[in-house]
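Quick notes on the structure that follows.
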Number of protein chains: 2
Amino acid sequence: MGRRGEMLQAEVLAVLRGSESPLSAYDVLGELRKTRPKIAPPTVYRALAALTASRLVHRLESLSAYMACQSDCHQSASILSICDDCGIVEESVAPEVLEDLSSVAGKSGFRPARHVIEIHGVCASCVGAETSG
Amino acid sequence: MGRRGEMLQAEVLAVLRGSESPLSAYDVLGELRKTRPKIAPPTVYRALAALTASRLVHRLESLSAYMACQSDCHQSASILSICDDCGIVEESVAPEVLEDLSSVAGKSGFRPARHVIEIHGVCASCVGAETSG
DNA sequence: GAACGTGATGTTATAACATAACAGTTCGGC
DNA sequence: GCCGAACTGTTATGTTATAACATCACGTTC
C-alpha cells in the first residue's frame, strides 16, 4: 500500500528543501519535469497533499505556495513569518500563543482544529539592507 | 476623484453583508451581474481591493474568499474563526495576542506588518448539532 | 497463473481565482 | 474647447486547483 508514491513525495520534498523560499505547486511541477517531462498537476498536488497531511510540508495560504517544514517535531501549528521583500519564511513554534488564540476563538463555543498563522513583514537581513542602503 | 467607484464598492459591500458566510470574488460577480450583466472580474477585484484597503472587507486567505468586516473599529488585525461545517466566520479582536505573535516573530529581528490569523474548526451551533444528532 | 479487486498513479480537460494591458470615459485646469 | 490625469470598462490571458476517468501495480483467490 502506498509504497510507490513515496518516491514522488521524496522528490517533491527534496525540491522544496532545495529552495530558500516557498514554491508554488507549478514551480514544483516545473522542477519535476526536468527529470519526468510528462508529469501533470494532479500528481504534484497529490504529493503535496500527502506531505502536508504528514506535516512535512506547510502550505502558505496567503501565498498559495508550499515550503518544507523547518522544525523537527511539532504537534502544534507553526507561526510563519514571511518576508515580503526577499521571500524567505521563518518558522516559529509557540504553543502558549496558540493556546491564547484558541481560547479567544473558543469564547463563543468555537472548537478550533487547525490554525493558520502567517505574519507578513520584513526579515532582519532585509531590514538591515534598507537601513544601510 | 473616485466618486464613481464608491457606488460600486457600496454594492459589493452590500452583497457581502447580505451573506452569512464568505463569498468568492466570482460569487460577488454573479450577484452583481443580476443588476449589471456586463460587469467583469477586474471591476470586482478592484472594488474588493479598495474595500480591503479601507478595512471594510477581509480577505480569507485560506478560503480565497471575502467577507464584510463585522467589528466596528479595529486598528489591529482580526482573528477569524472559520466553521468548516457551516461556513460561518466569526471575527475576534485580541490586540494582546497579536502582540505576543509579533514578539515571537520579532525575536530574530523580523519586523511584522500584517497578520493573517485564521482558525478552522467547528462553530458552537455545529458542535451542538453534532452532539445531539 | 489468469481473473479480479483495490488503491495508487497518469491523463485530459476544465473549473476557479486573479491580473496584465489597453481602450474608453469623466472631469478639472488651462 | 483641448489636454492630461485618474478612474472604469473590456479583452485576453495567466495562475492555481481539481473533477473525472483511464491505467497500472500488486495482492488474493481459485
Side-chain angles (χ1 to χ4, degrees), chain A residues 1-13 15-16 19 21-54 56-67 82 84 87 89 114 116 118 120, chain B residues 1-13 15-16 19 21-54 57-67 80 82 84 87 89 114 116 118 120:
Chain A
M1 202 209 298
R3 187 57 35 83
R4 276 136 81 220
E6 292 173 6
M7 196 68 106
L8 179 60
Q9 287 174 37
E11 282 180 61
V12 170
L13 191 54
V15 168
L16 289 174
S19 169
S21 42
L23 298 177
S24 78
Y26 279 72
D27 290 339
V28 174
L29 181 62
E31 283 303 310
L32 295 180
R33 276 187 171 153
K34 290 181 181 171
T35 53
R36 315 182 177 207
K38 299 198 305 181
I39 205 165
T43 305
V44 174
Y45 279 100
R46 283 195 277 245
L48 288 169
L51 289 165
T52 302
S54 54
L56 292 170
V57 163
H58 300 300
R59 175 180 155 85
L60 290 115
E61 301 289 347
S62 59
L63 297 178
S64 295
Y66 304 81
M67 63 179 282
I82 301 163
D84 290 330
V89 178
R114 170 188 158 230
V116 174
E118 299 175 9
H120 286 256
Chain B
M1 204 207 299
R3 187 56 36 82
R4 276 136 81 222
E6 291 174 6
M7 195 68 106
L8 179 60
Q9 287 175 37
E11 281 180 61
V12 170
L13 191 54
V15 168
L16 288 174
S19 170
S21 41
L23 299 176
S24 76
Y26 277 72
D27 290 338
V28 174
L29 181 62
E31 283 304 309
L32 294 181
R33 276 188 172 154
K34 290 180 181 170
T35 53
R36 315 182 177 206
K38 298 198 306 180
I39 205 165
T43 305
V44 173
Y45 279 100
R46 283 195 278 243
L48 287 169
L51 288 165
T52 301
S54 54
V57 164
H58 300 299
R59 174 179 157 86
L60 289 114
E61 301 288 348
S62 59
L63 298 178
S64 295
Y66 303 81
M67 62 179 284
L80 301 169
I82 301 164
D84 290 329
V89 178
R114 170 188 159 228
V116 174
E118 299 176 9
H120 287 256

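Every value quoted in this text rests on a predicted model; they were computed, and no experiment measured them. Per chain, numbering begins at 1; letters A, B, ... match sequence-line order. Values below: all heavy atoms of this structure, side chains included; hydrogens, waters and symmetry mates excluded.
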* Can you check whether A:Leu32 reaches A:Thr43 side chain to side chain, under 4.5 Å on heavy atoms? -> no
* Asked: Looking only at side-chain N and O atoms, does A:Lys38 come under 4.0 Å of OP1 or OP2 in C:dG10?
  -> no
* Could you tell me the separation between the CG atom of A:Leu63 and the P atom of C:dA18, rounded to a whole number of Å? => 13 Å
* Asked: Which nucleotide sits closest to the side chain of B:Thr43: D:dT10, C:dT11, D:dT18?
  -> D:dT10
Check: protein-nucleotides 19-21 of chain D nitrogen or oxygen pairs below 3.5 Å:
none

* **Selection: residues 22-30 of chain A, any non-hydrogen atom under 4.0 Å of DNA chain D** => A:Ser24, A:Tyr26
* **d(CG, A:Leu48; P, D:dT15) in whole Å** => 18 Å
* What is the minimum heavy-atom distance between B:Ser62 and B:Ile82, and which atoms define it? -> OG-CD1, 3.8 Å
* Can you tell which of D:dT18, C:dA18, C:dT12 lies closest to the side chain of A:Tyr45? -> D:dT18
* Please report, rounded to the nearest Å, how far the C1' atom of C:dC17 is from the OH atom of B:Tyr66. => 8 Å
* Asked: Nearest-Å distance, CG (A:Leu32) to P (C:dT11)?
  -> 14 Å
* **Whole-Å distance separating the CE atom of B:Met7 from the C1' atom of C:dT25** => 17 Å
* Asked: Between A:Arg59 and D:dT16, does any side-chain N or O lie under 4.0 Å from OP1 or OP2?
  -> no
* Asked: To the nearest Å, how far apart are B:Arg36 CZ and D:dT8 P?
  -> 10 Å
* Could you pull out all residues at least two apart from B:Ser21 that satisfy side-chain contact (heavy atoms from CB on, under 4.5 Å)? => B:Ser19
* Which heavy atom in B:Leu51 sits nearest to a heavy atom in B:Leu13, and how many Å separate them? -> CD1-N, 4.1 Å
* Asked: If you look only at pairs with a residue in residues 35-53 of chain A, which of them pass as a salt bridge (Lys or Arg N to Asp or Glu O under 4.0 Å), with sequence neighbours excluded?
  -> A:Glu11-A:Arg36
* Pairs in or reaching into residues 56-66 of chain A: which pass salt bridge (Lys or Arg N to Asp or Glu O under 4.0 Å), with residues at least two apart or in two chains? -> A:Arg59-A:Glu61, A:Glu61-A:Arg114
* Structure fact -> Sequence neighbours excluded, the answer for side-chain contact (heavy atoms from CB on, under 4.5 Å) partners of B:Thr52 is B:Val57
* Check: A:Met67 and A:Leu16 side chains under 4.5 Å, non-hydrogen atoms -> no
* Rounding to a whole Å, what distance do you find between A:Ile39:CD1 and D:dC24:P? -> 17 Å
* Taking all non-hydrogen atoms of both residues, which atom of B:Tyr26 and which atom of B:Pro41 are closest, and how far apart? -> OH-CG, 3.4 Å
